[in-house]
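Note sheet for the following structure.
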Amino acid sequence: MSCWEVKDYLGELTDISAYKEEEILPLCRSCIKEIESKLKPDADRKDFRVVAAAAGLAYYKLALKKSSMESEAGITSFKAGDVSIEQENKTVEDFLDRAKDFYDKKAADIIPLCKDDSFAFNQIKVM
């Protein structure tokens with residue numbers, strides 16, 4: 001798996017033309033590292049589900065970045081005399097929700113490839 005594969009998949013999910021390659025490639029690289037850190041040592045890192053999960057994570061991180069930038073700079077209401085205009089910031093929230101849902105689905109797809117770091121008590125006797 002390479003950051004170029006993740007970048008290509010990310011380009012299918014959202015428009016990345018507004019970003020420079022110097023911004024997108026490090027994001028893709030960090031998402032690959034984050035996903036690979038969860039994988040079993042013998043897991044196939046070239047499995048397309050891993051690429052999809054890394055791209056889903058990059059998509060979600062871009063959505064977070066976009067939502068924070070738009071919520072800081074966005075004007076949500078304007079009033080001039082008797083005329084007032086209010087704008088809902090719903091589209092940014094919807095975009096963020098869709099990105100989160102997509103990442104969750106792709107992360108669920110790689111569960112069989114991931115390490116089991118859970119902890120459980122199987123049988124406890126109380127005396």
Side-chain angles (χ1 to χ4, degrees):
M1 169 176 48
S2 71
C3 58
W4 295 99
E5 289 174 303
V6 175
K7 178 185 169 271
D8 289 344
Y9 197 114
L10 179 61
E12 293 176 13
L13 298 173
T14 187
D15 182 21
I16 58 173
S17 63
Y19 300 96
K20 297 178 184 173
E21 271 193 13
E22 297 84 30
E23 295 173 305
I24 293 295
L25 289 178
L27 172 68
C28 293
R29 209 172 287 121
S30 70
C31 292
I32 289 170
K33 288 179 182 178
E34 195 169 330
I35 295 296
E36 283 186 336
S37 70
K38 298 175 182 184
L39 297 178
K40 295 176 187 175
D42 62 340
D44 181 13
R45 276 138 171 81
K46 294 184 182 188
D47 190 318
F48 193 71
R49 293 175 293 176
V50 178
V51 174
L57 180 58
Y59 180 46
Y60 180 58
K61 287 183 177 185
L62 273 180
L64 284 171
K65 184 177 182 178
K66 184 176 180 178
S67 70
S68 68
M69 287 172 37
E70 288 187 12
S71 65
E72 291 171 4
I75 297 173
T76 56
S77 65
F78 174 76
K79 186 170 183 172
D82 292 339
V83 178
S84 64
I85 299 172
E86 291 187 33
Q87 177 184 8
E88 284 189 47
N89 207 6
K90 189 83 170 155
T91 57
V92 174
E93 292 172 12
D94 289 342
F95 176 60
L96 189 58
D97 289 341
R98 283 193 316 267
K100 175 74 170 123
D101 289 342
F102 183 81
Y103 169 62
D104 289 343
K105 288 175 186 172
K106 295 304 169 185
D109 287 345
I110 64 167
I111 287 175
L113 302 173
C114 293
K115 295 180 251 183
D116 184 11
D117 292 336
S118 60
F119 178 78
F121 287 105
N122 288 335
Q123 193 172 17
I124 301 174
K125 290 183 181 180
V126 179
M127 296 184 165

**OP:** To the nearest 0.5 Å, tell me how far I110 CD1 sits from E36 CD.
**Re:** 10.0 Å

**OP:** State, to 0.1 Å, how close A43 and L113 come at their nearest heavy-atom pair, and which atoms those are.
**Re:** CB-O, 3.5 Å

**OP:** Search all heavy atoms of L13 against all heavy atoms of A55 and return the closest pair with its distance.
**Re:** CD1-O, 4.0 Å

**OP:** Please indicate whether K115 has more than 12 foreign heavy atoms, meaning atoms of other residues, nucleotides or ligands, lying under 6.0 Å from its NZ.
**Re:** yes

Original post:
Members other than L25 in its cluster, when Ile, Leu, Val, Met, Phe, Trp, Tyr link by side-chain heavy atoms under 4.5 Å?
Top reply: W4

**OP:** Find out if a path of hydrophobic residues (ILVMFWY) with successive side-chain heavy-atom gaps under 4.5 Å connects L64 to I32.
**Re:** yes

Original post:
What pairs of residues pass the salt bridge (Lys or Arg N to Asp or Glu O under 4.0 Å) test when at least one of them lies in residues 24-35, not counting sequence neighbours?
Top reply: E34-K61

**OP:** Could you tell me which residues satisfy salt bridge (charged side-chain N to carboxylate O under 4.0 Å, His left out) with K100, sequence neighbours excluded, listed by chain and number?
**Re:** D104

**OP:** Might you point out which heavy atoms bring A54 and C31 nearest each other, and give the distance in Å?
**Re:** O-CB, 3.6 Å

Pair up each side-chain donor or acceptor in residues 14-23 with any protein partner under 3.5 Å, not counting sequence neighbours, and list the distances.
residue	atom	partner	partner atom	Å
D15	OD1	S17	N	3.1
D15	OD1	S17	OG	2.7
D15	OD2	S17	OG	3.2
E23	OE1	K20	N	2.9

Original post:
Step by step, would you call K106 with D109 a side-chain contact (heavy atoms from CB on, under 4.5 Å)?
Top reply: CA-CA 5 Å; K106 295 304 169 185; D109 287 345; 3.9 Å; yes

Original post:
Ring centres of Y59 and F95 under 6.0 Å apart?
Top reply: yes

**OP:** If a pair satisfies ring-ring contact (aromatic ring centres under 6.0 Å, His included) and one of its residues is in residues 33-55, list it, with sequence neighbours excluded.
**Re:** Y9-F48

Subject >> Chi angles and distances behind the side-chain contact (heavy atoms from CB on, under 4.5 Å) call for V51, D8 >> reply: CA-CA 10 Å; V51 174; D8 289 344; over 6 Å; no

Subject >> salt bridge (Lys or Arg N to Asp or Glu O under 4.0 Å) contacts in which one or both residues fall within residues 40-58, not counting sequence neighbours >> reply: D47-R49

Subject >> L62 side chain reached by L10 side chain, heavy atoms, under 4.5 Å >> reply: yes

